Amino acid sequence: MSDKTRTGLSRAQMAWRAAQDIPDGAYVNLGIGIPELVADYVPAGREVVYHTENGILGFGPAPEPGQEDPDLINAGKKPVTLLPGAAFFHHADSFAMIRGGHIDYCILGAMQVAANGDIANWSTGAAGAIPAVGGAMDLVAGVRNVLVITEHTTREGEPKLMERCSYPLTAPGVVKRVFTTFGVFDVTASGFLLQEIAPGVPVEQVRAATAAPLAVADSLKEVAAPQPEKAAAHV
Amino acid sequence: MSDKTRTGLSRAQMAWRAAQDIPDGAYVNLGIGIPELVADYVPAGREVVYHTENGILGFGPAPEPGQEDPDLINAGKKPVTLLPGAAFFHHADSFAMIRGGHIDYCILGAMQVAANGDIANWSTGAAGAIPAVGGAMDLVAGVRNVLVITEHTTREGEPKLMERCSYPLTAPGVVKRVFTTFGVFDVTASGFLLQEIAPGVPVEQVRAATAAPLAVADSLKEVAAPQPEKAAAHV
Amino acid sequence: MMDKRVPDVPAALADVQDGAMVLIGGFGESGSPIELIHGLIDQGARGLTVVSNNTGNGEVGLAALIKAGRVAKMVCSYPRSSNSKVFPELYRKGEIELELVPQGTLAERIRAGGAGVPAFYTPTGAGTVLAEGKETRDFDGRTYVMERAIRADFALVRAELGDRFGNLTFNKAGRNFGPVMCMAAKTAIAQVRRFVPAGEIDPEHVVTPGIFVGRVVEVPEPAQESALIEQGVSYP
Amino acid sequence: MMDKRVPDVPAALADVQDGAMVLIGGFGESGSPIELIHGLIDQGARGLTVVSNNTGNGEVGLAALIKAGRVAKMVCSYPRSSNSKVFPELYRKGEIELELVPQGTLAERIRAGGAGVPAFYTPTGAGTVLAEGKETRDFDGRTYVMERAIRADFALVRAELGDRFGNLTFNKAGRNFGPVMCMAAKTAIAQVRRFVPAGEIDPEHVVTPGIFVGRVVEVPEPAQESALIEQGVSYP
């Protein structure tokens, strides 16, 4: 997979592109994995307040080694710091923020996203697996703008953008936009619409890796992400 | 009404008697009027924490003149003070304490109490009256032990202990005990049971002033309240 | 930069539209955002639905808003008090609508609105006239009333300290409906006694996190309703 | 005199009966009342239903309670983690029951239990397998799931300061489920880092008012789950 025209965007580039969609003054909840990188790429001059469902608003980056506090962690159970203006609150209040529509954006990973906006990101439904949902269902049901960042296909090459999800849903009809290795996909009333494409990736390659009809925007443009090497350097 | 055998207990004596029923360590909400006097008569050695639905636990008596704070008031909108260990909280939390069964006793006034425990204390249902309920319905629906203190009859001599309430209910079937001018009445499965009687008041006089069948406890005794003059001196 | 501070009361209220649903904090005068209410009178919006525990006293604050004919409907638990004349008069004339709600149900409906809960069950009011026309349902042998959430366009509350993120603390029992009303409004507006720099309120002591607050305006010496009434003030 | 302080962990837990429903605070190790959980292992109650966000790590704390065979059923949102072996093993063997609840629904069900609300509606989980067998209902064109309140016999939580009235503060995000769990239990038991005299916690800063707390026990230097695991501890 060393051929850049085949691999598309790096994880950092996907995070960079998603970060451009976050407006100044937004309240944002970032999922575990690639979404966590988004915080590194929010454009200068925009102030974003991060929410973590275990009960903090206004947390900042990881602390210096040795400064970790087991009671100052994010939902991924990683140590964080506090920014001025932070607040602590209990779980019922924290999920009131989520369920009540007070969080502007959540950016999550996904196993599958469907052309109707359905998302599956908590269970493969496999027998013998220990089911675990955490706050995933609350986030996608409650947050105003649900955005997904994901590799375009699984490690095995299976499509993750589907006509309909085959895995158990996290919620029906909630995803607005998906950022993948291959570009930016809006979820519209008539299905996926490719808005931006990764440099050097042909549309036909995207189509082949997508298990749903794919419309292409008249205004299709290339994702203007910085070079992977450069973007990666920020992480 | 100067004849003591006809008037029965004073307001202070009723409050004193009700106060004897409050155990050490109880959380108590006192209604406006005679119930407010109960706090003056809780026996020495018992510590009671008072709740007011506008958002304080652990308040104390009225402040010295000049020390009033408009934001430190009880549900009757009278100034109070704080005792060590007090706490403030918002209205949803305050009524969670009430509705959730965390308050041990509420002692309220009433317009009418029925033999089945129904209480009417918020509205006469009269045309043209401005209906107003406040926290009355929450208190009687949520508090574990609902006790009533009231004159045995209205100023016009109408009974307040009824077979069934004629006024709109505050809640059905919630009152456990009533303290009146004439004595202490338990609400039992078979109706009112006179447990204690005001000194010098004949049972027949109580019956005549009660619009419901009245059983008399085998163990009927006189209310052991201090003399009205003495009790009143505490107020 | 996130900065929810606005320079003055008119700026805080500029976009309140006719017919808006407005939550107004306070339990009697305690915690009542009197400068914001007077600002709303000056601003001129009409046909409001106001949710507030009471209906105001004398001819200042909420009573003055009602007197000015701006309120089409009141949702409250206790619409009369020792010194309320304005609401009773209009109500008797049939010129203002009233939805009477038990106080705890009112607080819980507002909190539910803020928490994304469209409806819940409560024992309060079951078996009374206030449950008439409402769905009831038995759980574990007891009857409960289904109550719907309240969401509003604006909330006006009085707080103590506020920072640019909208984090708030309150003063004593003046807290009352403030925190839940901030949760349930599209735009919650808090008058605070003092602006403080971000971080001055200990994160452990924030009562209302800024996410629930849209605008903060400083009113360093808020008037007390009872003092205005004593002075014979009639607003405007 | 009201005094909810108890001398030690065994005294705090003496009356936990077999088959009890126990809420256990914490989000992972953050806010986990590890000394109370170990005390519960020592105490010996069996057949417990435990409500907790996770199922513990390694072989200490909640994982140790499960390993000791004391838990018949777990109610939680995320029963696996990077270092959880005990629960998955028992679950696969069919030796422990699991009720999986979305995290926000779990918190809200517990709060509802504490607030006297027997049931409420939430959008979370609608249209998913977690709503199967549950009532759903449309409000204003959206589908919601009816969820029932959770009430318990005991709650075990970790707090920071506590006084004789049971007033509590918490440490940072260790607050998580503590306040709502205290509300929903007949007897809430808090291990606190420090007892303070009544009045030392500012009434404005009390997070959990004492009315929700039954017992307070001082554990000045609580262990951290991750540190115990690093040391290879397996409790008991």
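Here is the naming used below: chain letters follow the sequence lines, and residue numbers restart at 1 for every chain. Just so it is clear, the model here is predicted, and its values are computed rather than measured.
Looking at C:F177, both its backbone and its side chain come within 4.5 Å of chain B, counting heavy atoms on both sides. With a threshold of 4.5 angstrom between heavy atoms, C:F170 does not approach chain B through any atom at all. Using a 4.5 Å cut-off between heavy atoms, B:S94 makes no contact with chain C at all. With a threshold of 4.5 angstrom between heavy atoms, B:D69 approaches chain C through side-chain atoms but not through N, CA, C or O. Interface remark: C:V207 contributes no atoms to any contact with chain B (heavy atom separation under 4.5 Å). Of the atoms belonging to B:A171, it is backbone heavy atoms, and not side-chain ones, that fall under 4.5 Å from chain C. Heavy atoms closer than 4.5 Å to chain B are found nowhere in C:L106, neither backbone nor side chain. Both the backbone and the side chain of C:T105 come within less than 4.5 Å of a heavy atom of chain B. With a threshold of 4.5 angstrom between heavy atoms, B:I98 does not approach chain C through any atom at all. Residue contact with chain C, scored on non-hydrogen atoms closer than 4.5 Å, involves the backbone and the side chain of B:F88 alike.
A donor-acceptor pair under 3.5 Å links the side-chain atoms of B:T210 to the main chain of B:V206, judged by distance alone.
Highest contact tally toward chain B, considering only C:P102, C:G127, C:A131, C:A107, is held by C:P102 [criterion: heavy-atom pairs under 4.5 Å]. Most heavy-atom pairs under 4.5 Å with chain C, from the set B:D118, B:I130, B:N74, B:L169: that is B:I130. Top candidate by heavy-atom pairs under 4.5 Å with chain B, chosen from C:E225, C:Q224, C:R111, C:E29, is C:Q224. Each of B:P131, B:G55, B:G135 has some count of heavy-atom pairs under 4.5 Å with chain C, and the biggest count is that of B:P131.
For B:T181 and B:H152, the side-chain atoms include no donor-acceptor pair closer than 3.5 Å. Residues B:T52 and B:N54 bring a donor and an acceptor atom of their side chains to less than 3.5 Å of each other. Side-chain contact of C:S84 with C:N57: a donor-acceptor pair under 3.5 Å is absent, judged by distance alone.
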Should B:E151 and B:K160 be marked as a salt bridge (Lys or Arg N to Asp or Glu O under 4.0 Å) after you check the CA-CA gap, both sets of side-chain angles, and the distance that decides it?
CA-CA 8 Å; B:E151 307 281 344; B:K160 301 181 79 167; over 6 Å; no

Side chain to side chain contact (heavy atoms under 4.5 Å, CB included) for C:R194 and C:E218? Distances and angles first, verdict last.
CA-CA 6 Å; C:R194 190 155 64 84; C:E218 196 177 46; 4.1 Å; yes

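By the 30° and 60° cut-offs, the orientation of the rings of B:F89 relative to B:H51 is parallel. Taking the six-membered ring where tryptophan is involved, the planes of B:Y50 and B:F59 are tilted, since the angle between them lies from 30° to 60°.
A salt bridge between C:R109 and C:E99 is present, with a side-chain N of the basic residue lying under 4.0 Å from a carboxylate O of the acidic one.
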